[in-house]
Amino acid sequence: MWEKINKKILATGIVILLGIAGGVWYYNHTQQVKASANQETVLATRGKIISSVSATGIVKPIDAVDISSQVTALIKEIKVKENDHVKVGQTLAILDDKSLETTMNKAEYSMNNYGAKYKRYQYLHSIGAKSDADLEDALLNYQTAVASYNEAKSDVEKTVLVSPMDGVVLGEPVAIGTLVTAGVNDPTVVMMIGDVSRKKVKVKVDETDIGKIKIGQAATFTVDAYQNHTFTGTVDKIGEISTSTTSTSSSSSSSSSSSSSSSSSTSSVVYYYVTLTAEDPENLLKTEMTARVTIKIDEKDNTLLIPLAALKTSTSGQYVMVLRDNGKSENVPVETGLTSSDKVEIISGLQDNDKLIISYTKSQTQSSSTQKNNGPPPM
């Protein structure tokens, strides 16, 4: 009887052990299948790489000036309209000068009066009837009156607004009867004159990329109005002071991006203005168009390249996972060079045709699937 019980216990134990072993095998097999599903292998190959910085900018005329008044008065006449071509010195607008003319006439009467009085004092002084002090006072009064007249005359002359440059009237001028105010801080802009024969693009580049930008670098850009047309330009100026500190989460439309840099959506970024001179021989570009700009940083031919997704970073530096001939993987430190939107140059650490492992996390796979189904993420 005990022998039968022992055999039964032994059989039960064997079944349990087989079940545990089967469960372990199934778990390991499942993990291997999942791992292989989230991995792919690529080869390190040679090719051409172009490194660039992408950003968004605004098209502007190469030269533009706001026309405002140096005196406060009503607009009496507008001599030009929007899109008119004007020449330097051409009359653009005339202000109502009645009150200013009245002031000038009073100043002229006063000047003539003090001038006549000064002449009498000169004669009286010559015959000893007036002292030196009386003559000096008369001269001072006359000179003050002359200065007041010249100032009033200058104000009347300022009621005629002329163009300081050759160009085009940009936008609609203010209406007749508008009160224009003079001032240093906030004068009334009557109209804008710009030289539209040449264009520039003012681009905001973040601080992670600004060090790569150099004067003379070539750039290309597109605008929504001509999506199949690529415009060219050259870096002409790099701002030395930042524009303003803004949040990347609220300024994605004007932020710059580089394949070699990344930023958190909650971090703040300092931007610098980069100005491009643009080629527009067909005069297609219009002021304030949004330009999507790519500035070429550098390029290399026949250099060792790997996908950017294969590059990993740790506290000790950058590395890649290399799949050896024996089927085992190895983390290999690498030195990188130029970076494009999807590839990176390897200066040292790898050989041609080394097989690399690219691992994808669950969140990356889901994100890729979402972008595939719903299109590209918003800018």
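By convention here, the first residue in the shown sequence is residue 1. Reckoned from all heavy atoms, side chains included, excluding hydrogens, waters and symmetry mates.
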More than 12 non-hydrogen atoms from neighbouring residues, nucleotides or ligands closer than 6.0 Å to [atom1] on [X], yes or no?
X: Lys76; atom1: NZ; value: yes
X: Asn326; atom1: CG; value: yes
X: Ile241; atom1: CD1; value: no
X: Asp186; atom1: CG; value: no
X: Glu82; atom1: CD; value: yes
X: Tyr142; atom1: OH; value: no

Is any NZ, NE, NH1 or NH2 atom of the basic residue among Glu77 and Lys79 found under 4.0 Å from an Asp or Glu carboxylate oxygen of the other?
yes
Would you call Lys355 and Asp325 a salt bridge, taking side-chain N to carboxylate O under 4.0 Å as the test?
no
Taking C-beta and beyond as the side chain, do [X] and [Y] meet within less than 4.5 Å on heavy atoms?
X: Met289; Y: Tyr226; result: yes
X: Tyr272; Y: Lys204; result: no
X: Arg198; Y: Thr277; result: no
X: Val59; Y: Lys286; result: no
X: Lys153; Y: Glu157; result: yes
X: Leu356; Y: Val322; result: yes
X: Glu330; Y: Met321; result: no
X: Val196; Y: Leu170; result: yes

Indicate yes or no for a side-chain donor-acceptor contact from [X] to the backbone of [Y] under 3.5 Å, with no hydrogens or angles considered.
X: Ser69; Y: Val71; result: yes
X: Lys214; Y: Gly211; result: yes
X: Ser110; Y: Lys106; result: no
X: Asp66; Y: Ser68; result: no
X: Glu345; Y: Leu338; result: yes
X: Thr144; Y: Leu140; result: yes
X: Asp280; Y: Leu284; result: yes
X: Thr159; Y: Asp155; result: no

Return yes if a side-chain donor-acceptor contact under 3.5 Å exists between Thr181 and Thr188, otherwise no.
yes
Under 3.5 Å side-chain donor-acceptor pair for Thr208 and Asp206
yes
Might you point out which heavy atoms bring [X] and [Y] nearest each other, and give the distance in Å?
X: Pro61; Y: Lys200; result: O-CE, 3.4 Å
X: Pro173; Y: Val80; result: CG-O, 4.0 Å
X: Ser163; Y: Ile193; result: OG-CG2, 4.1 Å
X: Ile62; Y: Lys199; result: CD1-O, 4.0 Å
X: Ala55; Y: Val203; result: CB-CG1, 3.3 Å
X: Ile49; Y: Lys343; result: CD1-O, 3.8 Å

ring-ring contact (aromatic ring centres under 6.0 Å, His included) against Phe231, all qualifying residues, sequence neighbours excluded:
Phe221, His229
Using side-chain contact (heavy atoms from CB on, under 4.5 Å) as the criterion, point out the one residue from Ile67, Asp84, Asn83 that pairs with Val169.
Asp84
From the options Val293, Asp236, Ile213, Asp209, select the one residue that forms a side-chain contact (heavy atoms from CB on, under 4.5 Å) with Val274.
Ile213
Among Thr222, Asp224, Thr56, the one residue meeting side-chain hydrogen bond (donor to acceptor under 3.5 Å, both in side chains) with Arg292
Asp224
For Arg46, which of Thr303, Asp352, Asn353 qualifies under side-chain hydrogen bond (donor to acceptor under 3.5 Å, both in side chains)?
Asp352
So Ile210 and Val270, side chain to side chain contact (heavy atoms under 4.5 Å, CB included) or not? Walk me through it.
CA-CA 10 Å; Ile210 195 65; Val270 177; over 6 Å; no
Sorted by first residue and then second, give each ring pair (Phe, Tyr, Trp, His ring centres under 6.0 Å) pair with at least one member in residues 275-302; sequence neighbours left out.
none
Evaluate side chain to side chain contact (heavy atoms under 4.5 Å, CB included) for Asp195 paired with Asp166, printing each intermediate quantity in order.
CA-CA 7 Å; Asp195 179 5; Asp166 293 344; over 6 Å; no
Determine whether Val223 and Ile58 fall in the same hydrophobic cluster, where Ile, Leu, Val, Met, Phe, Trp and Tyr are linked whenever their side-chain heavy atoms lie under 4.5 Å apart.
no
Let me check something: do Leu161 and Leu100 share a hydrophobic cluster, defined by ILVMFWY side-chain heavy atoms less than 4.5 Å apart, either directly or through other members?
yes
What verdict does the side chain to side chain contact (heavy atoms under 4.5 Å, CB included) test give for Ile75 and Leu95, after you've listed the backbone C-alpha separation in whole Å, the side-chain angles of each residue and the deciding distance to 0.1 Å?
CA-CA 5 Å; Ile75 294 288; Leu95 307 182; 3.2 Å; yes
Residues 111-136 vs side-chain hydrogen bond (donor to acceptor under 3.5 Å, both in side chains), sequence neighbours excluded, gives Tyr118-Gln122, His125-Asp132, Ser131-Asp134
